[in-house]
Structures are given as C-alpha cells and as structure tokens.
Amino acid sequence: MTDYSLVENELVHILHCDAEKLGEYESYINNAVACISSHLKDIKNENDSRVVRLCAAKAYYQIVLSNNEDDITSFKAGDVSYTRSLSSVTRAMAILDAAKSDCSALIKSSSFSFVAV
C-alpha cells in the first residue's frame, strides 16, 4: 500500500496547511490510499510520485466535497436562498483529473471487454 506519510506530505502542499491540520482528514487519506492501491497494475509502483500525487488529489477532492462552509458566497434570509460557489470543487476536480492522467499507465483499466467467447 502507498506510504501514508508520503501522501500526507503531498496533501500539505495541495491544502496549503501544516501537518497538524491533516489529523482532521485521516479517514479521507486512508480511503484514498486504499482505493488507489487497489487499482494499481503493479504493486511495485505503490510509492511512485505520480501514485502519491493521485492519492493526495483524491483525498483533497473528498475533503472539498465534504466542506460546505467555504462554498456559500451569498445568503438571503427572506425566502431563504443562497448561492454556492463551485470554484473550490472545480479546482479539486482539475487536480484530480491531472493526477489521473499522469497515472494512467500505472492504473488498471476499469473498462469491460470480451477477450474470447
């Protein structure tokens, strides 16, 4: 499995936070590491920098999706309405997509095909 501490170090740079803050996100990091590790073509690539980046990007995306407080950009009390900004989600998705692209040679394809009948 991908080294947790390597993913933490990468996530510190993505989140622009200190290592102590990451304690709040331990479950997201563990989930990302387990998920990405299960899709590797070869276990010897588990600590490849591209795989580490993908694990951190996946954890970051989940963190952003779960964090609603930064997404509200306006609020109206009469008729209770609010506006939600997707800029943080869009940024997280872009980071995740780039990391997936970088790792495409290391990750098993999830597509289904018939080899023989």
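Positions are given from 1 along the sequence.
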Sorted by chain and number, sequence neighbours left out, side chain to side chain contact (heavy atoms under 4.5 Å, CB included) with Asn31 holds for none

Note: Glu46 and Thr2 closest approach over all heavy atoms is O-OG1, 2.7 Å

Note: Lys108 and Ser38 closest approach over all heavy atoms is NZ-O, 3.6 Å

Please enumerate all residues that pass side chain to side chain donor-acceptor pair (under 3.5 Å) together with [X], with sequence neighbours excluded.
X: Glu24; result: Lys21
X: Ser5; result: Asp3
X: Lys41; result: none

The complete set of side chain to side chain donor-acceptor pair (under 3.5 Å) pairs with one or both residues in residues 93-106, sequence neighbours excluded, reads none

d(Cys103 SG, Leu40 CG) to nearest 0.5 Å is 8.0 Å

Between the OH atom in Tyr28 and the CG atom in Leu65, the distance rounded to the nearest 0.5 Å is 9.0 Å

Residues passing the salt bridge (Lys or Arg N to Asp or Glu O under 4.0 Å) test with Asp42, sequence neighbours excluded, are Lys44

Kindly list each side-chain donor-acceptor pair under 3.5 angstrom involving residues 52-64, sequence neighbours excluded, with atom names and distances?
from: Arg53; atom 1: NH1; to: Glu10; atom 2: OE2; distance (Å): 2.5
from: Tyr60; atom 1: OH; to: Arg91; atom 2: NH1; distance (Å): 2.5

